[in-house]
Number of protein chains: 2
Amino acid sequence: MRRLMIKPELCKVDTALGIIVGKWKPTILLHLLVEDTLRFNALKRKIPDITQRMLTKQLRELEEEGLVSRTVYPVVPPKVEYTITPYGKKLEPILHAMHEWGKAHIERKSQPSTEE
Amino acid sequence: MRRLMIKPELCKVDTALGIIVGKWKPTILLHLLVEDTLRFNALKRKIPDITQRMLTKQLRELEEEGLVSRTVYPVVPPKVEYTITPYGKKLEPILHAMHEWGKAHIERKSQPSTEE
DNA sequence: TAAGTAAGTATCCTAAAGGGTACTGTTAGA
DNA sequence: TCTAACAGTACCCTTTAGGATACTTACTTA
């Protein structure tokens, strides 16, 4: 039974998940955590399988929630930079913990003998 | 730029998300983290909006991943108990961190003056 | 003159997740 | 004799997320 938990009915895990879930959102955030600022096409090159449409959509949603900021330079051809906000950086420990858990999960599945 | 991160292309965040995402999975896990063991209908009563079909589905998926174990007692009417596994309990810190982040996110949205 | 670049939109389509409702079998209790 | 309890399944339908492809604009370089 252990250490007391949050009341499930008041829990905001779903709120957090609603914001970081999206086929490409964690990937985008991780790239921006590494590089801090990236242009649209630079991101696209780093995530080869994403389409332009999807990259735009996911970035717009991340911007909407304040995790990423978008700066347009009125030049031609266009220049648009995406930067992770200080607020977005607060997700880093969570992403890191999920990565570790996911890695352990994969290892566990590959050696089904593990009991625990 | 800060403290070095996981290489985005090797990151297992998506693996972890694939397992905890599901409309009712966090809620179910939280209830089981509080109570440790619950019968099917007890869970259903705790989550009034879920349908039987959905509860069954989500539980089966959690069982599949080893987060929850299912014990059937061959009595009538049926008795089936769902228990969180030690492995499932390892998600607690992550769920807790997401809850805290989600709560902060809601507060932040309600006071749009906050700059940071 | 033609092609390339950057950062997108517009349109249409598919797949996956989620949900409603009705049904099952066996027993205890009213 | 009828109803309720428990733990589901079967069947079908709607919503949402994700994706393929083509198009746009304005400028530069070959």
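Letters go in sequence order (proteins before strands), and every chain restarts at 1.
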Q. Should A:Val13 and B:Met98 be marked as a side-chain contact (heavy atoms from CB on, under 4.5 Å) after you check the CA-CA gap, both sets of side-chain angles, and the distance that decides it?
A. CA-CA 5 Å; A:Val13 169; B:Met98 284 202 285; 4.0 Å; yes
Q: Starting from the 5' end of DNA chain D, give me the residue, B:Arg70 or A:Ile50, whose nearest nucleotide shows up first.
A: B:Arg70
Q. Rounded to the Å, how far apart are A:Arg39 CZ and C:dG8 C1'?
A. 13 Å
Q. Of the non-hydrogen atoms in B:His99 and A:Leu10, which two are nearest, and what is the gap between them?
A. CE1-O, 3.8 Å
Q) What is the minimum heavy-atom distance between B:Ile84 and B:Leu32, and which atoms define it? A) CG2-O, 3.5 Å
(Q) Considering every strand and a 4.0 Å limit on heavy-atom distances, what is the contact class for B:Tyr82: base, sugar-phosphate, or nothing? (A) sugar-phosphate
(Q) Expressed as a whole number of angstroms, how long is the span from A:Glu81:CD to C:dA7:C1'? (A) 13 Å
Q: Kindly say whether A:Trp24 contributes a backbone atom to a donor-acceptor pair with the side chain of A:Gln58 at under 3.5 angstrom?
A: yes
Q: Using whole Å, report how far NZ of A:Lys44 lies from P of D:dG19.
A: 12 Å
Q: Quickly work out the A:Leu55 CG to C:dA6 P distance and round it to whole Å.
A: 14 Å
(Q) Please encode protein proximity along nucleotides 17-30 of chain C as a string of B, S and -, counting only heavy-atom distances under 4.0 Å. (A) -SBB----BBS---
Q.
Once you apply a heavy-atom cut-off of 4.0 Å, does A:Lys79 come out as touching a base, just sugar-phosphate, or nothing?
A. sugar-phosphate
Q. Whole Å only: how far is the CZ atom of A:Arg60 from the P atom of C:dA10?
A. 11 Å
**Q.** Whole angstrom value for the distance that separates C1' of C:dA7 from CD1 of A:Ile28
**A.** 15 Å
Q) Taking OP1 and OP2 of D:dA7, is either one under 4.0 Å from a side-chain nitrogen or oxygen of B:Arg45? A) no
Q: Find the distance B:Leu43:CG to D:dG8:C1' and express it as a whole number of Å.
A: 14 Å
**Q.** Where A:Ile28 and A:Leu62 come nearest, the two heavy atoms and their spacing
**A.** CG2-CD1, 3.8 Å
Q. Any ion pair linking A:Lys46 and B:Glu9 (charged N to carboxylate O, less than 4.0 Å)?
A. no
Q.
Going by side-chain hydrogen bond (donor to acceptor under 3.5 Å, both in side chains), B:Tyr82 matches just one of B:Arg39, B:Arg70, B:Glu63. Which one?
A. B:Arg70
Q) For the residue pair A:Trp101 and A:His105, does the interplanar ring angle fall in the parallel (under 30°), tilted (30 to 60°) or perpendicular (over 60°) class? A) parallel
Q | Close residues, residues 10-20 of chain B, relative to DNA chain C [heavy-atom separation under 4.0 Å] | A | none
Q | Nearest heavy-atom neighbours spanning A:Thr85 and A:Ser69 | A | CG2-N, 3.9 Å
